[in-house]
Amino acid sequence: MRILVALGGNALLRRHERPDAAVQQANARRAALALAPLFAEHEVVITHGNGPQVGVLAVQSASDPHLSTPYPFDVLGAQTQGMIGYWLLQELHNAVPGRRVAAIINQTEVDPADPAFTNPTKFIGETYTHEEALELATTRGWSVHPDGDGWRRVVGSPQPREVVETDLIRLLLDSGAIVVCAGGGGVPVVRDGADRLHGVEAVVDKDLTGAVLARALDADALLVLTDVPAVLRDYGTPQQAEIGEIDAASLRAMRFPAGSMGPKVEAACRFVEGGGKFAVIGSLDDPIALLDGRSGTRVTAPALG
Ligand SMILES: Nc1ncnc2c1ncn2[C@@H]1O[C@H](COP(=O)(O)OP(=O)(O)O)[C@@H](O)[C@H]1O
Ligand SMILES: NC(=O)OP(=O)(O)O
């Protein structure tokens, strides 16, 4: 099978962990070892999140006295692709010696008129207390929003239209390589009337880009890997329970939070509605069990008729 794996930001940096390089590389190692059983039998493309990391780089850039202007979010997104791509490249090499592995910088085309530019929903960076978040909103002009038990910065996250380098990714896959690409949802770019690309200030959702790329590559399955074993119905209540197999229409009828489970559910639904065989949302721990239907939430196309 051809499989697109969307690796959650939490897999690389767990909540409340320090964003030190050694911490993240150890998490990349854990992810590479967990994914290793997939590579023997399947063609695998890996995309990854960058929310925590792009926020850290934004704070660093904004506090550098030598810069007249902080680096914009397209540049920061490319930096995270290089950094996280490097960790995954090395750890995949070590986990599956002898396999060809590529990690590439990608651009994702978005609509310059996307309303998400003025309605920020994408969580980035660290978690703050409410008081800290209000202070940062006032002094730095950030938009902030509650996330779990804390508050985080939010930025615009336009819908991905197309991964610009899709043909190159297909060539690499066809050559037998494991491909790490479209990290952080891809560097957001817009196309002008002369067919030229320009970076824009945003952070694209990697699960939604994963769905677009998986369809474009004719992938059989989309695996959305995160820090919960499955999508939960009645989340956060005493009645919460894992959803096993479900069709996209039934899943769409439920409501999920915009900055976390919402995009994962949306990505899974779009993938199967667009012709993909199935998508699974679940934990990184055992991807084979997700593929076999032994764990996770398996999303299928709505039954015909
Ligand atoms: N209905 C739900 N079922 C499971 N998890 C949910 C649900 N609603 C919200 N969540 C939250 O979504 C989180 C996963 O989303 P997110 O933090 O964006 O993941 P990642 O960074 O791995 O991409 C879970 O840790 C959980 O806290
Ligand atoms: N870009 C992105 O979707 O990052 P996270 O998965 O870390 O939110």
Side-chain angles (χ1 to χ4, degrees), residues 5-17 19 24 27 31 34 46-58 73-74 76-81 83-85 106 108 110 116 120-127 145-150 152-160 163 181-188 202-213 222-237 239-244 246 251-268 280-285 296-297 299:
V5 173
L7 202 52
N10 290 320
L12 297 163
L13 191 62
R14 286 177 260 189
R15 279 170 229 277
H16 306 301
E17 266 183 339
Q24 298 196 65
N27 288 337
I46 302 169
T47 181
H48 59 80
N50 73 342
Q53 296 83 0
V54 80
V56 169
L57 294 185
F73 271 101
D74 58 324
L76 296 170
Q79 287 185 11
T80 64
Q81 288 185 342
M83 178 173 72
I84 300 169
N106 281 129
T108 293
V110 301
T121 55
K122 183 81 193 153
F123 290 113
I124 64 163
E126 300 184 38
T127 302
H145 207 267
D147 182 25
D149 55 0
R152 291 175 78 193
R153 185 178 182 185
V154 282
V155 296
S157 190
Q159 295 293 315
V163 174
C181 60
V187 177
V203 176
V204 182
D205 184 89
K206 58 103 185 28
D207 296 312
L208 296 179
T209 299
V212 169
L213 183 59
L222 172 66
L223 291 191
V224 179
L225 305 185
T226 183
D227 61 350
V228 283
V231 184
L232 302 167
R233 65 173 85 241
D234 300 321
Y235 177 70
T237 72
Q239 296 80 38
Q240 75 176 23
E242 291 183 17
I243 299 173
I246 188 165
L251 194 57
R252 274 190 188 287
M254 303 177 191
R255 295 187 71 81
F256 298 97
S260 55
M261 192 47 75
K264 297 181 194 311
V265 163
E266 182 63 29
V280 190
I281 301 172
S283 159
L284 169 67
D285 298 340
T297 297
V299 185

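Whatever order the structure lists ligands and atoms in, that order sets their numbers, starting from 1. Starting from 1, each residue takes its place in the sequence as its number.
Ion pairing between a basic and an acidic side chain is recognised when a charged N comes within 4.0 Å of a carboxylate O; Glu266 and Arg252 show such pairing.
With hydrogens and angles disregarded, no donor-acceptor distance shorter than 3.5 Å links the side chain of Thr47 to the backbone of Ala6. Side chain of Asp205 to main chain of Leu208: a donor-acceptor pair is present (N/O by atom type, distance under 3.5 Å, no hydrogens or angles). A donor-acceptor contact shorter than 3.5 Å is absent between the side chain of Gln81 and the backbone of Gly184.
Nearest heavy-atom pair across Phe123 and Pro146 is CZ-O, 3.2 Å. Annotation for Thr127 and Gly150: closest pair CG2-CA, 3.6 Å, computed over non-hydrogen atoms. For the residue pair Pro188 and Ala202, the shortest heavy atom distance occurs at CG-O, 3.3 Å. Shown here for Gly8 and Lys206, the closest heavy-atom pair between the two residues is CA-CE, 3.7 Å. The heavy-atom pair separating Thr297 from Ala230 by the smallest distance is OG1-CB, 3.4 Å. The two residues Gly156 and Pro120 make their nearest non-hydrogen contact at N-CB, 3.7 Å.
Applying the side-chain contact (heavy atoms from CB on, under 4.5 Å) test between Thr80 and each of Asn50, Val187, Val56 identifies Asn50 as the sole match.
Shown in contact with Gly49 at under 4.0 Å from a heavy atom are these atoms of ligand 2, numbered in order with element: 2 (C), 4 (O), 5 (P), 6 (O), 7 (O). Shown in contact with Gly184 at under 4.0 Å from a heavy atom are these atoms of ligand 2, numbered in order with element: 1 (N). Numbered from 1 in the order shown, with element, the atoms of ligand 2 that lie under 4.0 Å from a heavy atom of Asp205 read 3 (O). Short contacts between ligand 1 and Gly8, defined as distances under 4.0 Å to a heavy atom of the residue, involve ligand atoms 20 (P), 22 (O), 23 (O). Every atom of ligand 1 is numbered from 1 in the order shown, and the set under 4.0 Å from a heavy atom of Lys206 is 23 (O). Heavy-atom proximity to Val203, at under 4.0 Å, picks out these atoms of ligand 2: 1 (N). Within ligand 1, the atoms closer than 4.0 Å to a non-hydrogen atom of Met261 are 2 (C), 4 (C), 5 (N), 6 (C), 7 (C), 8 (N), 9 (C), 10 (N), 12 (O), numbered from 1 in the order shown. Shown in contact with Val204 at under 4.0 Å from a heavy atom are these atoms of ligand 2, numbered in order with element: 1 (N), 2 (C), 3 (O).
At the shortest separation from atom 4 (O) of ligand 2 among protein heavy atoms lies Asn50 N, 3.0 Å. Nearest to atom 13 (C) of ligand 1 among the protein's heavy atoms is Arg15 NH2, 3.9 Å. Ranking the protein heavy atoms by distance from atom 12 (O) of ligand 1 puts Ser260 CB, 3.4 Å first. In terms of protein heavy atoms, atom 7 (O) of ligand 2 is closest to Gly51 N, 2.8 Å. Closest to atom 27 (O) of ligand 1 among all protein heavy atoms lies Tyr235 OH, 2.7 Å. Nearest to atom 16 (P) of ligand 1 among the protein's heavy atoms is Asn10 ND2, 3.6 Å. Regarding atom 24 (C) of ligand 1, its nearest protein heavy-atom neighbour is Asp227 OD1, 3.4 Å. The protein non-hydrogen atom at the shortest distance from atom 8 (O) of ligand 2 is Lys122 NZ, 2.9 Å. At the shortest separation from atom 6 (O) of ligand 2 among protein heavy atoms lies Lys206 NZ, 2.7 Å.
The option with the heavy atom closest to atom 1 (N) of ligand 1, from among Asn50, Leu7, Val228, Leu232, is Leu232. Comparing Thr226, Val265, Asp207, Asp205 by heavy-atom distance to atom 14 (C) of ligand 1, the nearest is Thr226. The residue from Arg233, Lys122, Lys264, Arg255 that puts a heavy atom closest to atom 23 (O) of ligand 1 is Lys264.
At least one heavy atom of Pro257 sits closer than 4.0 Å to an atom of ligand 1. Under a 4.0 Å heavy-atom criterion, Ala230 is in contact with ligand 1. For the pair Pro52 and ligand 2, a heavy-atom separation below 4.0 Å is found.
If you look at Phe256 next to ligand 1, the close heavy atoms, those under 4.0 Å, all belong to the side chain.
Interatomic distance, Gln159 CD to Thr209 OG1, rounded to the nearest 0.5 Å: 9.0 Å.
Close N/O approach between Asp207 and ligand 2 is not found [any backbone or side-chain N/O within under 3.5 Å].
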